[in-house]
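What follows is a short report on a single structure.
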Amino acid sequence: VSALELNGQPSTAERELRFDFVLESSQLFVNSIVTAVTHSAPLLENINVSLRTHEVPLPFAMEKFIQQLEQASKGSDGIVLVCRENPAITACVNSLSNRGIPVICLTTDITDASRLGYVGVNHVSAGRTAGSLLGQFIGSQSGEIILLLTGSFRCQYERELGFRTLIREAYPNLRVQEVYASQETDEDCFENLTHAFKRTVNKPLGIYNTGGGTRGVADAISSMGWDIKTTFVGHELNDASLELLTTNRMSAVIGQDTKSEVSIAINALLHYHQRSSTSPSFTPTVPLIFLKENIGPLISDTFPMLYET
């Protein structure tokens, strides 16, 4: 989405709208969304729309999160939500919807929630893409690969589904060993992986990290002296993964265009409030693949998201 068309005249006469982004994820990913929101905010001032961000502190605590979500909803005209999946969160989202506050799930969905829509990539496809890349990089070798799971996010469930299915279908020479890290932090991923490495007899041929903690994964591989010999595929192009790609400590990154996704979510809320004539798009997009050889700006990095009257 490069431009958003809005109904009517700009809006000093119209009531101000406020959209709130409530963000629970790894810190680097939260930072990327905050940057995208900050980029969009000045473009919405002339149509009397303001944006706020609310970062969920770590370690995650369900009761405090529900309180923060309820607090953010007070006076809000729409919530854009990035968070894990849990029945208590689903109930809270349904309550907000029943009170007339539209909710957009951004980058990861919530099952059975009465949200206005989901904006993000097809994560089953992302997991299959990771499996395909890992299998092609490893080739005909037989052995173990590690699937690192973190958090309780639906996007990670879907990535795991896609990954396991693709490996089972296309690479029977590879056996999947699961490692779980309860928090999406570098420290937690490093600790759990090094513990798993010390228990294994043979060096894993590859690692797929479904969530955050990318630098912790790379440091765990380095601590064993396996940098060149272990294929590592993960998610989200950011400062950490960019450095790891360019120094050959990471093989590939699967990502998404966060700025465009934020713009699509804003447009959906504007359309809900009859401030935009552009119908919302809730079709999941394809994941992006970043290698050392194709790193560069996305269209949304070089072409502004315009919010026109």
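Along the sequence shown, the residues carry numbers beginning at 1.
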inquiry  = Holding to side-chain contact (heavy atoms from CB on, under 4.5 Å), I want the full list of residues that pass it with Ser142, two or more places apart in sequence or in another chain.
reply    = Asn173
ask   = How does the hydrophobic cluster around Tyr118 look, that is, which other residues are in it when side-chain heavy atoms under 4.5 Å mark a link?
value = none
request  = Tell me who clusters with Met62, hydrophobic residues only, linked when side chains sit under 4.5 Å apart either directly or through other members.
outcome  = Val22, Val56, Phe60, Phe65, Ile66, Leu69, Ile79, Leu81, Ile89, Val93, Leu96, Ile101, Val103, Ile110
remark   = Minimal heavy-atom distance between Leu106 and Ala265, with the atoms involved, is CD1-CB, 4.4 Å
ask   = Residues two or more places apart in sequence or in another chain: which of them pass side-chain contact (heavy atoms from CB on, under 4.5 Å) with Ser114?
value = Asn94, Ser97
key: Donor-acceptor under 3.5 Å (Gln68 side chain, Glu55 main chain)   = yes
task = For residues 170-194, pull every pair meeting ring-ring contact (aromatic ring centres under 6.0 Å, His included), keeping only residues two or more places apart or in separate chains.
result = none
request  = Using side-chain contact (heavy atoms from CB on, under 4.5 Å) as the criterion, list what pairs up with Leu161, not counting sequence neighbours.
outcome  = Val124, Thr165
query = Can you find a heavy atom in the side chain of Glu236 that is under 4.5 Å from one in the side chain of Ser32?
reply = no
note = What one should report as the nearest heavy-atom pair of Pro280 and Asn267 is CA-ND2, 4.0 Å
task = Check ring-ring contact (aromatic ring centres under 6.0 Å, His included) between Phe163 and all other residues, then give those that pass, not counting sequence neighbours.
result = Tyr208
Test side chain to side chain donor-acceptor pair (under 3.5 Å) applied to Thr107 and Glu261, step by step = CA-CA 8 Å; Thr107 75; Glu261 290 174 350; 5.8 Å; no
query = Rest of the hydrophobic cluster containing Phe153 (Ile/Leu/Val/Met/Phe/Trp/Tyr, side-chain heavy atoms under 4.5 Å)?
reply = none
key: salt bridge (Lys or Arg N to Asp or Glu O under 4.0 Å) pairs, two or more places apart, involving residues 128-150   = Arg128-Glu169
query = Do Val286 and Val121 have side-chain heavy atoms sitting under 4.5 Å apart?
reply = no
remark   = side-chain contact (heavy atoms from CB on, under 4.5 Å) with His123: of Gln256, Arg154, His235, only one passes, and it is Gln256
request  = Could you tell me whether the side chain of Phe197 reaches within less than 4.5 Å of the side chain of Pro204, counting heavy atoms only?
outcome  = yes
Salt bridge Lys64-Glu24, side-chain N to carboxylate O under 4.0 Å = no
message = Please tell me whether Ser241 and Asn238 have a donor and an acceptor in their side chains that are separated by less than 3.5 angstrom.
response = yes
ask   = Glu85 and Thr111: side chain to side chain donor-acceptor pair (under 3.5 Å), yes or no, with the steps?
value = CA-CA 7 Å; Glu85 188 172 63; Thr111 305; 2.4 Å; yes
request  = Check step by step if side-chain contact (heavy atoms from CB on, under 4.5 Å) holds for Arg15 and Asp77.
outcome  = CA-CA 11 Å; Arg15 180 177 69 84; Asp77 297 289; 2.9 Å; yes
With sequence neighbours excluded, residues passing side-chain contact (heavy atoms from CB on, under 4.5 Å) with Thr246 = Leu242, Ile295
Check: Leu147 and Thr210 side chains under 4.5 Å, non-hydrogen atoms = yes
query = Ion pair present between Arg18 and Asp20, side-chain N to carboxylate O less than 4.0 angstrom?
reply = yes
key: Stepwise side chain to side chain donor-acceptor pair (under 3.5 Å) test for Ser260 and Asp257   = CA-CA 6 Å; Ser260 291; Asp257 189 344; 2.9 Å; yes
task = With the side chain counted from C-beta on, respond yes when Leu269 and Val80 share a heavy-atom pair under 4.5 Å apart, and no when they do not.
result = yes
inquiry  = Is there a side-chain contact between Arg275 and Leu17 in this structure, where contact means two heavy atoms from C-beta onward sitting under 4.5 Å apart?
reply    = yes
ask   = Is any NZ, NE, NH1 or NH2 atom of the basic residue among Arg249 and Glu243 found under 4.0 Å from an Asp or Glu carboxylate oxygen of the other?
value = no
key: Contact list for residues 171-193, test salt bridge (Lys or Arg N to Asp or Glu O under 4.0 Å), sequence neighbours left out   = Arg164-Glu178
request  = Taking salt bridge (Lys or Arg N to Asp or Glu O under 4.0 Å) as the test, write out the residues that go with Arg99, two or more places apart.
outcome  = Glu70
message = Taking the side chain as everything from C-beta on, heavy atoms only, tell me whether Ile207 gets closer than 4.5 Å to Val233.
response = no
